[in-house]
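As a basis for the values below, the full set of heavy atoms in this structure was taken, side chains included, without hydrogen atoms, waters or symmetry mates.
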Amino acid sequence: METSRASWRNTTHDWAGSVDLGHLAGIRRDPEAFAPGGVWHLVLEVVAYAADEAECGGGGRCDVVLRPDGSVSVTDDGRGTDTRFDEHGQVVRKPVMATKDLRFFDLPEAVTLPDGHPRRGMSVVAALSERLAHTNRRGNGSWTQRYEHGVPVSDLERLADDGTTGTAVHFRPSAHLRPADPLPGEIALLATAWPHLSVEVTRG
(Lines give C-alpha, C1' and ligand atoms only; values in the text may rest on other atoms or scores of the structure.)
Protein backbone atom coordinates (compact mmCIF):
# COMPACT_ATOMS: atom_id res chain seq x y z
CA MET A 1 0.00 0.00 0.00
CA GLU A 2 1.36 3.43 -0.97
CA THR A 3 1.19 6.07 1.78
CA SER A 4 2.84 9.36 2.57
CA ARG A 5 6.33 8.90 3.98
CA ALA A 6 5.63 11.69 6.48
CA SER A 7 2.90 9.52 8.04
CA TRP A 8 5.18 6.53 8.70
CA ARG A 9 5.79 5.88 12.38
CA ASN A 10 9.39 5.77 13.54
CA THR A 11 10.31 2.71 15.58
CA THR A 12 13.97 1.77 15.28
CA HIS A 13 14.93 4.41 12.68
CA ASP A 14 13.69 7.74 11.34
CA TRP A 15 12.04 7.22 7.94
CA ALA A 16 12.32 10.94 7.12
CA GLY A 17 15.90 10.71 5.84
CA SER A 18 18.00 8.02 4.20
CA VAL A 19 21.50 9.21 5.15
CA ASP A 20 22.85 11.04 8.21
CA LEU A 21 26.35 12.09 7.18
CA GLY A 22 27.15 13.71 10.53
CA HIS A 23 26.20 10.55 12.40
CA LEU A 24 28.37 8.37 10.16
CA ALA A 25 31.32 10.77 10.44
CA GLY A 26 31.08 10.72 14.24
CA ILE A 27 31.38 6.94 14.25
CA ARG A 28 34.38 7.01 11.91
CA ARG A 29 36.15 9.55 14.12
CA ASP A 30 36.12 7.20 17.12
CA PRO A 31 36.28 3.56 15.97
CA GLU A 32 37.63 2.35 19.30
CA ALA A 33 34.49 3.57 21.06
CA PHE A 34 32.06 2.07 18.56
CA ALA A 35 33.90 -1.15 17.70
CA PRO A 36 35.77 -2.18 20.87
CA GLY A 37 37.46 -5.47 20.12
CA GLY A 38 37.45 -4.82 16.39
CA VAL A 39 35.61 -6.71 13.68
CA TRP A 40 34.02 -9.30 15.98
CA HIS A 41 32.02 -6.53 17.63
CA LEU A 42 30.71 -5.49 14.21
CA VAL A 43 29.66 -9.09 13.58
CA LEU A 44 27.69 -9.05 16.82
CA GLU A 45 25.98 -5.79 15.83
CA VAL A 46 24.65 -7.48 12.67
CA VAL A 47 23.70 -10.75 14.40
CA ALA A 48 21.73 -8.75 16.98
CA TYR A 49 19.30 -7.70 14.24
CA ALA A 50 18.88 -11.33 13.21
CA ALA A 51 18.16 -12.11 16.85
CA ASP A 52 15.48 -9.39 16.92
CA GLU A 53 13.82 -11.05 13.94
CA ALA A 54 14.08 -14.51 15.48
CA GLU A 55 12.47 -13.32 18.69
CA CYS A 56 9.58 -11.74 16.79
CA GLY A 57 9.09 -14.86 14.68
CA GLY A 58 9.42 -17.46 17.43
CA GLY A 59 12.83 -18.63 16.24
CA GLY A 60 15.29 -18.23 13.42
CA ARG A 61 18.66 -19.03 11.93
CA CYS A 62 21.75 -16.97 11.13
CA ASP A 63 24.90 -17.95 9.20
CA VAL A 64 28.14 -16.02 9.70
CA VAL A 65 30.95 -16.60 7.20
CA LEU A 66 34.44 -15.19 7.86
CA ARG A 67 36.01 -14.89 4.41
CA PRO A 68 39.71 -15.08 3.41
CA ASP A 69 39.74 -11.49 2.12
CA GLY A 70 38.78 -10.19 5.57
CA SER A 71 35.15 -9.60 4.69
CA VAL A 72 32.24 -11.10 6.62
CA SER A 73 28.78 -12.15 5.50
CA VAL A 74 25.83 -12.53 7.86
CA THR A 75 22.62 -14.04 6.52
CA ASP A 76 19.36 -14.70 8.36
CA ASP A 77 15.95 -16.14 7.56
CA GLY A 78 13.82 -13.38 9.10
CA ARG A 79 11.21 -11.19 7.43
CA GLY A 80 13.76 -9.01 5.62
CA THR A 81 14.41 -5.33 6.29
CA ASP A 82 11.19 -3.31 6.21
CA THR A 83 10.68 -1.87 2.71
CA ARG A 84 7.71 0.25 1.63
CA PHE A 85 6.37 2.29 -1.28
CA ASP A 86 5.68 5.98 -0.74
CA GLU A 87 2.85 8.04 -2.20
CA HIS A 88 4.85 8.49 -5.41
CA GLY A 89 5.36 4.78 -5.88
CA GLN A 90 9.05 5.01 -4.94
CA VAL A 91 10.55 2.14 -2.96
CA VAL A 92 11.97 3.13 0.43
CA ARG A 93 13.89 0.79 2.69
CA LYS A 94 14.21 1.49 6.40
CA PRO A 95 17.52 3.43 6.65
CA VAL A 96 19.22 1.01 9.05
CA MET A 97 22.69 1.41 7.52
CA ALA A 98 23.08 5.15 7.24
CA THR A 99 21.09 6.62 10.16
CA LYS A 100 21.16 6.08 13.91
CA ASP A 101 19.18 3.37 15.63
CA LEU A 102 16.82 5.36 17.84
CA ARG A 103 16.81 2.62 20.49
CA PHE A 104 20.52 2.76 21.28
CA PHE A 105 22.08 6.13 20.45
CA ASP A 106 21.94 9.03 22.89
CA LEU A 107 20.42 6.86 25.63
CA PRO A 108 22.08 6.41 29.03
CA GLU A 109 20.84 2.84 29.54
CA ALA A 110 22.87 0.99 26.92
CA VAL A 111 21.87 -2.50 25.84
CA THR A 112 24.95 -4.72 25.73
CA LEU A 113 26.03 -7.32 23.19
CA PRO A 114 27.50 -10.72 24.15
CA ASP A 115 31.00 -9.18 24.27
CA GLY A 116 29.85 -6.90 27.10
CA HIS A 117 30.08 -3.72 25.02
CA PRO A 118 27.13 -1.43 24.17
CA ARG A 119 24.94 -2.14 21.17
CA ARG A 120 24.76 0.87 18.85
CA GLY A 121 23.21 -0.46 15.66
CA MET A 122 23.89 -1.40 12.07
CA SER A 123 25.11 2.08 11.12
CA VAL A 124 28.28 1.37 13.12
CA VAL A 125 29.01 -1.59 10.84
CA ALA A 126 28.37 0.43 7.70
CA ALA A 127 30.38 3.47 8.82
CA LEU A 128 33.39 1.32 9.76
CA SER A 129 33.37 -0.76 6.57
CA GLU A 130 35.22 0.05 3.36
CA ARG A 131 32.32 -1.50 1.52
CA LEU A 132 29.05 -3.17 2.44
CA ALA A 133 26.21 -4.80 0.53
CA HIS A 134 22.77 -4.99 2.14
CA THR A 135 20.32 -7.40 0.55
CA ASN A 136 16.81 -7.98 1.82
CA ARG A 137 14.13 -10.41 0.68
CA ARG A 138 10.66 -9.63 1.88
CA GLY A 139 7.08 -10.55 1.05
CA ASN A 140 6.69 -7.43 -1.14
CA GLY A 141 9.95 -7.83 -3.06
CA SER A 142 13.72 -8.16 -2.89
CA TRP A 143 16.37 -5.45 -3.15
CA THR A 144 20.09 -4.86 -2.70
CA GLN A 145 22.18 -1.72 -2.18
CA ARG A 146 25.90 -0.99 -1.82
CA TYR A 147 27.63 1.37 0.62
CA GLU A 148 31.13 2.70 1.22
CA HIS A 149 31.95 3.91 4.73
CA GLY A 150 28.21 4.01 5.41
CA VAL A 151 27.29 6.18 2.43
CA PRO A 152 25.14 4.64 -0.34
CA VAL A 153 27.02 4.31 -3.65
CA SER A 154 24.15 2.67 -5.54
CA ASP A 155 20.40 2.98 -5.66
CA LEU A 156 18.17 0.21 -4.40
CA GLU A 157 18.39 -2.49 -7.07
CA ARG A 158 15.45 -4.85 -7.40
CA LEU A 159 16.23 -8.57 -7.40
CA ALA A 160 14.23 -11.51 -8.67
CA ASP A 161 12.34 -13.16 -5.84
CA ASP A 162 13.50 -16.66 -4.92
CA GLY A 163 10.69 -17.66 -2.58
CA THR A 164 12.63 -16.86 0.61
CA THR A 165 12.72 -13.98 3.07
CA GLY A 166 15.61 -12.66 5.11
CA THR A 167 18.51 -10.23 5.23
CA ALA A 168 22.11 -10.61 4.07
CA VAL A 169 24.88 -8.19 5.02
CA HIS A 170 28.30 -8.63 3.41
CA PHE A 171 30.89 -6.16 4.66
CA ARG A 172 34.62 -5.57 4.46
CA PRO A 173 35.71 -3.75 7.61
CA SER A 174 38.14 -0.85 7.54
CA ALA A 175 41.73 -2.08 7.48
CA HIS A 176 42.70 -0.54 10.84
CA LEU A 177 40.18 -2.66 12.78
CA ARG A 178 41.34 -5.85 14.47
CA PRO A 179 40.38 -8.88 12.33
CA ALA A 180 37.46 -11.14 13.20
CA ASP A 181 39.15 -14.02 15.02
CA PRO A 182 36.69 -15.11 17.72
CA LEU A 183 37.65 -17.69 20.30
CA PRO A 184 35.54 -20.88 20.47
CA GLY A 185 34.08 -19.66 23.75
CA GLU A 186 32.96 -16.42 22.16
CA ILE A 187 31.14 -18.31 19.43
CA ALA A 188 29.49 -20.61 21.96
CA LEU A 189 28.30 -17.56 23.88
CA LEU A 190 26.03 -16.67 20.96
CA ALA A 191 23.83 -19.68 21.68
CA THR A 192 23.08 -18.51 25.20
CA ALA A 193 22.90 -14.78 24.50
CA TRP A 194 20.11 -15.15 21.94
CA PRO A 195 18.08 -18.28 22.74
CA HIS A 196 15.65 -17.73 19.84
CA LEU A 197 18.44 -17.67 17.25
CA SER A 198 20.53 -20.55 15.94
CA VAL A 199 23.93 -19.22 14.83
CA GLU A 200 26.59 -21.01 12.79
CA VAL A 201 30.02 -19.47 12.30
CA THR A 202 32.26 -20.83 9.53
CA ARG A 203 35.31 -19.79 7.54
CA GLY A 204 34.65 -19.61 3.82
Side-chain angles (χ1 to χ4, degrees), residues 1-28 42-43 45-57 60-65 71-105 119-173 197:
M1 180 178 179
E2 298 176 4
T3 59
S4 169
R5 187 168 176 172
S7 70
W8 297 349
R9 185 171 67 90
N10 296 332
T11 52
T12 63
H13 295 77
D14 187 349
W15 287 93
S18 58
V19 183
D20 185 338
L21 295 176
H23 168 67
L24 296 170
I27 295 170
R28 291 195 297 269
L42 301 185
V43 172
E45 289 278 13
V46 183
V47 175
Y49 280 85
D52 292 342
E53 282 293 294
E55 186 172 1
C56 289
R61 177 178 177 78
C62 179
D63 293 308
V64 179
V65 181
S71 68
V72 181
S73 62
V74 182
T75 306
D76 68 55
D77 61 356
R79 296 168 296 178
T81 308
D82 193 359
T83 307
R84 307 177 184 181
F85 293 88
D86 67 14
E87 67 272 31
H88 306 293
Q90 297 297 310
V91 62
V92 182
R93 184 165 61 189
K94 184 187 289 188
V96 298
M97 293 297 170
T99 68
K100 68 175 63 175
D101 192 312
L102 302 174
R103 299 171 296 175
F104 307 125
F105 266 85
R119 180 180 179 184
R120 296 303 185 203
M122 201 82 82
S123 60
V124 168
V125 183
L128 297 179
S129 292
E130 296 173 358
R131 64 177 187 268
L132 181 149
H134 175 199
T135 301
N136 66 298
R137 296 186 178 278
R138 199 165 169 87
N140 64 344
S142 302
W143 290 269
T144 190
Q145 189 169 25
R146 293 178 290 108
Y147 301 76
E148 292 179 0
H149 305 288
V151 180
V153 293
S154 75
D155 293 329
L156 270 177
E157 301 170 10
R158 186 144 195 170
L159 301 174
D161 292 332
D162 64 2
T164 68
T165 62
T167 301
V169 179
H170 184 193
F171 64 98
R172 182 179 174 85
L197 185 69

Going through the distances and angles, do Arg103 and Asp52 end up as a salt bridge (Lys or Arg N to Asp or Glu O under 4.0 Å)? CA-CA 13 Å; Arg103 299 171 296 175; Asp52 292 342; 3.5 Å; yes
From CA spacing to verdict: salt bridge (Lys or Arg N to Asp or Glu O under 4.0 Å), Asp86, Arg84: CA-CA 7 Å; Asp86 67 14; Arg84 307 177 184 181; over 6 Å; no
Give the C-alpha distance, both sets of side-chain angles, the deciding distance and a yes or no for side chain to side chain contact (heavy atoms under 4.5 Å, CB included) between Asp82 and Arg93. CA-CA 6 Å; Asp82 193 359; Arg93 184 165 61 189; over 6 Å; no
Go through the steps to decide whether Val72 and Leu42 satisfy the test side chain to side chain contact (heavy atoms under 4.5 Å, CB included), and finish with yes or no. CA-CA 10 Å; Val72 181; Leu42 301 185; over 6 Å; no
Show your working on side chain to side chain contact (heavy atoms under 4.5 Å, CB included) between Thr165 and Arg138 and close with a plain yes or no. CA-CA 5 Å; Thr165 62; Arg138 199 165 169 87; 5.6 Å; no
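At a cut-off of 3.5 Å, with distance as the only test, a side-chain donor of His170 or Ser71 sits close to an acceptor on the other residue.
Atom NZ of Lys100 sits about 11.0 Å away from atom CG of Leu24, to the nearest 0.5 Å. From Thr99, atom OG1 reaches atom CH2 of Trp15 across 10.0 Å, with rounding to the nearest 0.5 Å.
For Val91, the side chain to side chain contact (heavy atoms under 4.5 Å, CB included) test picks out Thr83, Phe85, Trp143, Leu156, with sequence neighbours left out. Under the side chain to side chain contact (heavy atoms under 4.5 Å, CB included) criterion, Leu159 pairs with Thr135, Arg137, Ser142, Thr144, sequence neighbours left out.
A side-chain hydrogen bond (donor to acceptor under 3.5 Å, both in side chains) with Lys94 is found for exactly one of Thr12, Thr81, Asn10, namely Thr12.
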List, one per line, each side-chain donor-acceptor pair under 3.5 Å for residues 120-131, sequence neighbours excluded.
| unit_1 | atom_1 | unit_2 | atom_2 | d |
| --- | --- | --- | --- | --- |
| Arg120 | NH1 | Phe104 | O | 3.0 |
| Ser123 | OG | His23 | NE2 | 2.8 |
| Ser129 | OG | Val125 | O | 2.7 |
| Glu130 | OE1 | Arg172 | NE | 3.3 |
| Glu130 | OE2 | Ala175 | N | 3.4 |

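Nearest heavy-atom pair, Gln145 versus Tyr147, reported as atom, atom and distance to 0.1 Å: OE1-OH, 3.0 Å. Of all heavy-atom pairs spanning Ala98 and Ser18, the tightest one is CB-O, 3.4 Å. Of all the heavy atoms in Cys62 and Val74, the pair that sits closest is SG-CG1, 3.4 Å. Summarising the geometry of Gly17 relative to Pro95, their closest heavy-atom pair is O-CG, 3.4 Å, with the distance given to 0.1 Å.
Using modelled atom types, no side-chain atom of Asp77 and backbone atom of Gly166 make a donor-acceptor pair closer than 3.5 Å. Looking only at distances, a side-chain donor or acceptor of Asp76 sits under 3.5 Å from a matching main-chain atom of Thr167.
At least one side-chain heavy atom of Val47 sits under 4.5 Å from a side-chain heavy atom of Leu197.
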